[in-house]
Visitor: 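What follows is a single structure, and I will ask about it in a moment.
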Amino acid sequence: MTAPPRRPDIPTPVRQVANFLDSTYGDLIDMSDFGNRKPEDLVVARRSRSLAAHAVRIVTDWAPAQAAACVIDGGSDQGIDAIAVDEENAHIYLVQAKWSPTGTARADEAAVLKLFAGLTLIDAGESRQFNPRGRALADRAKDLMGSDLTRVTQVIILMGTKELSPGVRQVIANGEKDFNHDGTHVYHRTIHSPEIHARARADQRPEPITLDVTMSPWFAFSPSDQQAYQGVVQAEQVVQWATHGNRLFDHNIRNPLGVTPINNELVETLTEEPANFWYFNNGITILCDSVEVAKGSKKQPERLPLQLTMQGASVVNGAQTVRSIIDAAREDEDAESAEVGVRVIVTGGDTNFAKRTTQATNRQNHIEDRDRIALDPIQAVLIEEFRAELDLVYSVRRGDLEPQGDEGCSVVEAATALSCAHSGSRFTARLVAADSTDVLWERGSSGSYDPLFRTVPGVFETWNAVRALRATLKALRPVREQYEKRGAAVIADGTFLLTHLVFRQLLDEDAGIGEPDPSDPEATWFAKSGPRIPDLLARTVPVLLGVLDARHGPRSDLKRVCIEDAECAALVSDVLNVLAAGGETQDVSPYLRKDERQRKPRRPNSVHVIVNQRALPEGAPLRLSLYVPAEQEALETWLVEDPARSRATWTGSTGKALIWEYDRQRYSPSGLVSRMWELADWEGRPVSNQGTARWITQDGETLAELAERLLGSLAGNGGE
């Protein structure tokens with residue numbers, strides 16, 4: 001699928017700046033003087049005032065609330081949109097802002113003349129001519145202007161890219177000449193769209209992390225340009241890092257993987273024999289941009305503790321160790337007495353060296369292809385684009401908490417959705433043939449990842465595709481219940497192929513999957529196309545079954561067909577042609593499910609099926625999803641009190657298949673649900689439950705649905 005051309009009337013930087021201004025300054029800007037104007041006029045006026053506040057933030061680095069308090073735009077503003085009085089640095093800023101929803105704002109001579117006229121009033125002490133918001137600021141500015149050390153900068157901020165015209169430059173030069181005959185005190189600064197956009201993006205990035213650590217014993221190592229320090233650190237220092245959350249691992253290939261058997265062993269060592277932890281653990285590696293070093297002695301520094309303050313710090317190896325130390329300290333404060341080896345490497349901002357170090361320090365761990373793409377710069381851009389354009393979370397690293405619902409999406413969902421939405425079927429064919437999303441991370445032109453992410457996909461296109469993927473998977477569940485035997489097996493194997501077929505039909509009718517209509521931002525492609533997905537699936541499933549039987553025989557295996565890209569493409573083409581012609585195929589009624597009384601006896605245990613088929617890796621995260629209203633109501637408050645209560649990980653064992661993150665103990669799916677009912681004091685709890693129907697994988701399937709799909713696939717291939 002190729003991205004549609006961007007709309008020329010709303011450039012991307014303008015749209016992103018508008019979103020930023022609304023979210024950052026929208027509630028801080030006083031609009032009480034605007035009356036009952038049209039909503040669209042109010043939006044433009046608020047953004048113009050927000051732009052003035054943003055100019056103050058750019059030149060002063062003040063907080064948004066302080067910058068917004070400087071805005072005086074409105075009646076009797078005397079040509080000045082904001083007055084910032086910086087007494088500490090003896091500097092006054094007078095701001096004039098020009099917002100344009102199309103990014104074409106320009107300065108004009110008349111507006112600049114008004115700006116100088118406003119400065120003249122301040123200089124003359126005529127603050128009474130300003131509106132109430134401006135009067136107090138004008139008085140403060142006048143008081144500061146009495147000093148020869150005070151500088152005045154007139155800031156013209158333009159949501160546009162055109163340089164100042166010769167006429168405007170002459171007006172500025174004339175005005176500054178009038179004020180500077182007794183020394184240079186008045187200056188000017190022009191801020192255009194690129195700088196506005198860059199500062200908005202910078203403001204949306206989290207602040208770099210600063211970590212303090214004391215090592216003893218320690219030694220320094222610097223045979224090349226990079227400084228490095230290695231030593232022993234008390235675990236109690238590591239516990240303090242918990243305040244930074246998962247941001248502590250921003251440059252790591254992956255986040256801590258949650259509660260796993262290995263992590264449990266680390267916690268057990270920390271709580272039961274902390275003195276041995278240093279011997280049993282490989283330690284922690286930290287990269288930082290710069291470091292401040294404080295040594296206890298000049299003559300013999302190695303004999304005394306070393307204090308390091310690391311700026312721009314990130315744990316690139318040992319995330320599981322950090323997580324285990326923090327978890328163990330919550331259980332037993334004696335764990336803080338343990339010692340851990342820590343290595344600090346100063347990169348000096350060398351991103352290439354940092355990337356190579358991160359990859360090298362993780363080679364001894366089990367690293368999957370999916371982990372390595374966390375270091376791809378394109379994924380970093382997508383994280384920022386999702387935040388700037390949509391105010392959504394885009395998670396990349398394995399171990400990140402999966403965004404739920406309208407919070408955003410993961411790279412797994414994005415890559416899967418883009419594969420299914422692509423105009424060619426080869427990416428979907430690989431998903432079907434492999435029966436795994438692992439193929440998405442194969443690199444090179446013959447793989448899936450590089451063609452899909454060679455350039456940064458549009459975030460609107462990606463988010464629309466993800467929402468359509470989710471809607472298709474949800475709509476497919478009741479459809480699958482209507483079929484059995486071969487019908488159920490083909491549907492289970494062909495989930496992604498059916499999603500691709502749905503996309504092809506939707507995009508044939510409306511290819512505008514990219515940016516929304518600027519006149520109606522809520523009218524997204526998914527909002528228009530999503531409601532059609534259930535009906536499309538109901539028509540597509542029998543046609544796929546009929547065409548597959550006609551082309552390859554009633555005992556054919558869809559996964560085998562999709563091994564060959566050309567065969568999959570031909571199958572897709574035939575299905576779409578039949579659908580376009582009315583959807584008539586050979587009779588597939590034998591694949592429809594019989595009456596419930598005629599169904600086969602109870603199927604094997606879901607956990608056993610999943611373990612035997614190795615369908616989930618050890619440590620795979622699971623989240624609780626309750627579907628019984630009484631149960632939801634009974635547990636809602638109790639679950640909100642601690643998010644860990646809703647999370648578990650897969651052990652890969654048929655005995656107790658889950659480790660509950662809340663208490664780190666092993667349970668069966670049903671046993672864990674019963675334990676939760678008990679701890680939540682649900683008086684009306686039933687005697688038993690189907691736990692596998694309440695725990696959901698990262699792919700959005702319950703354990704029960706995953707087992708059902710696996711059984712359907714086995715049955716379709718003649719297995720049991």
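Position 1 is the first residue of the sequence, and the numbers go up from there.
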Visitor: Return the minimal non-hydrogen interatomic distance between Gln204 and Ala388, and the atom names on each side.
Guide: OE1-CB, 3.6 Å
Visitor: Any chance you could measure Ser48, atom OG, to Leu51, atom CG, to the nearest 0.5 Å?
Guide: 6.5 Å
Visitor: How close do Val14 and Pro101 get, counting heavy atoms only, and between which atoms?
Guide: CG1-O, 3.4 Å
Visitor: Can you check whether Phe116's main-chain N or O pairs, donor with acceptor, with Thr120's side chain at less than 3.5 Å?
Guide: yes
Visitor: Identify the heavy atoms of Ile83 and Ala138 that sit nearest to each other, and give their distance.
Guide: CD1-N, 4.3 Å
Visitor: Can you give me every donor-acceptor pair (side chain of residues 57-77, partner residue at least two apart or in another chain, under 3.5 Å) with its distance?
Guide:
residue, atom, partner, partner atom, Å
Arg57, NE, Asp203, OD2, 2.7
Arg57, NH1, Trp62, O, 2.5
Arg57, NH2, Asp203, OD1, 3.3
Thr60, OG1, Val56, O, 2.6
Thr60, OG1, Trp62, N, 3.1
Asp61, OD1, Arg199, NH2, 2.6
Asp73, OD2, Arg49, NE, 2.8
Asp77, OD1, Gly79, N, 2.9
Asp77, OD2, Gly74, N, 3.2

Visitor: Of the non-hydrogen atoms in Glu385 and Val459, which two are nearest, and what is the gap between them?
Guide: CB-CG1, 3.3 Å
Visitor: Once side-chain hydrogen bond (donor to acceptor under 3.5 Å, both in side chains) is applied, do any residues pair with Asp86, and if so which ones, sequence neighbours excluded?
Guide: Asn89
Visitor: I'd like to check His197 versus His192 (side-chain heavy atoms, cut-off strictly below 4.5 Å). Are they in contact?
Guide: no
Visitor: Please examine the side chains of Ser314 and Ile209, heavy atoms only from C-beta on, and report whether any two atoms are closer than 4.5 Å.
Guide: no
Visitor: If we only count heavy atoms from C-beta on, is the Gln154 to Ile80 side-chain gap below 4.5 Å?
Guide: no
Visitor: Does Arg645 reach the main-chain N or O of Trp638 with its side chain, forming a donor-acceptor pair under 3.5 Å?
Guide: yes
Visitor: Could you pull out the closest heavy-atom pair between Ala53 and Ile29, with the gap in Å?
Guide: CB-CD1, 4.2 Å
Visitor: Is it true that a side-chain atom of Thr150 and a backbone atom of Leu144 form a donor plus acceptor pair closer than 3.5 Å?
Guide: yes
Visitor: Which atom names give the shortest non-hydrogen contact between Gln237 and Val213, and what distance separates them?
Guide: OE1-CA, 3.2 Å
Visitor: How far apart are the C-alpha atoms of Asp289 and Thr347, what are their side-chain angles, what is the distance that settles it, and do they pass the side-chain contact (heavy atoms from CB on, under 4.5 Å) test?
Guide: CA-CA 5 Å; Asp289 296 331; Thr347 67; 3.8 Å; yes
Visitor: Evaluate the salt bridge (Lys or Arg N to Asp or Glu O under 4.0 Å) criterion for residues Glu87 and Arg140: first the C-alpha distance (whole Å), next the side-chain angles of each, then the deciding distance (0.1 Å), finally the verdict.
Guide: CA-CA 9 Å; Glu87 284 99 348; Arg140 285 176 56 196; 3.0 Å; yes
Visitor: Do side-chain atoms of Asn180 reach the backbone of Glu176 as a donor and acceptor pair under 3.5 angstrom?
Guide: yes
Visitor: Starting from the C-alpha separation in whole Å, work towards a yes-or-no answer on side-chain contact (heavy atoms from CB on, under 4.5 Å) for Thr321 and Val315.
Guide: CA-CA 10 Å; Thr321 298; Val315 173; over 6 Å; no
Visitor: Check step by step if side-chain contact (heavy atoms from CB on, under 4.5 Å) holds for Phe386 and Thr462.
Guide: CA-CA 10 Å; Phe386 261 80; Thr462 304; 4.0 Å; yes
Visitor: Do Phe453 and Gln379 make a side-chain contact, defined as non-hydrogen atoms from C-beta onward lying under 4.5 Å apart?
Guide: yes
Visitor: Classify the angle between the aromatic ring planes of His54 and Tyr25 as parallel (below 30°), tilted (30 to 60°) or perpendicular (above 60°).
Guide: perpendicular
Visitor: How about Gln698 and Glu413: does a side-chain donor come under 3.5 Å of a side-chain acceptor?
Guide: no
Visitor: Would you mind reporting whether Leu94 and Ile122 have side-chain heavy atoms less than 4.5 Å apart?
Guide: yes
Visitor: What pairs with His91 under ring-ring contact (aromatic ring centres under 6.0 Å, His included), at least two apart in sequence or on another chain?
Guide: Tyr93
Visitor: Show your working on salt bridge (Lys or Arg N to Asp or Glu O under 4.0 Å) between Arg330 and Asp327 and close with a plain yes or no.
Guide: CA-CA 5 Å; Arg330 289 175 181 154; Asp327 287 347; 3.3 Å; yes
Visitor: Test side-chain contact (heavy atoms from CB on, under 4.5 Å) on Asp22 and Arg47 and set out the steps.
Guide: CA-CA 7 Å; Asp22 292 346; Arg47 286 178 182 165; 2.8 Å; yes
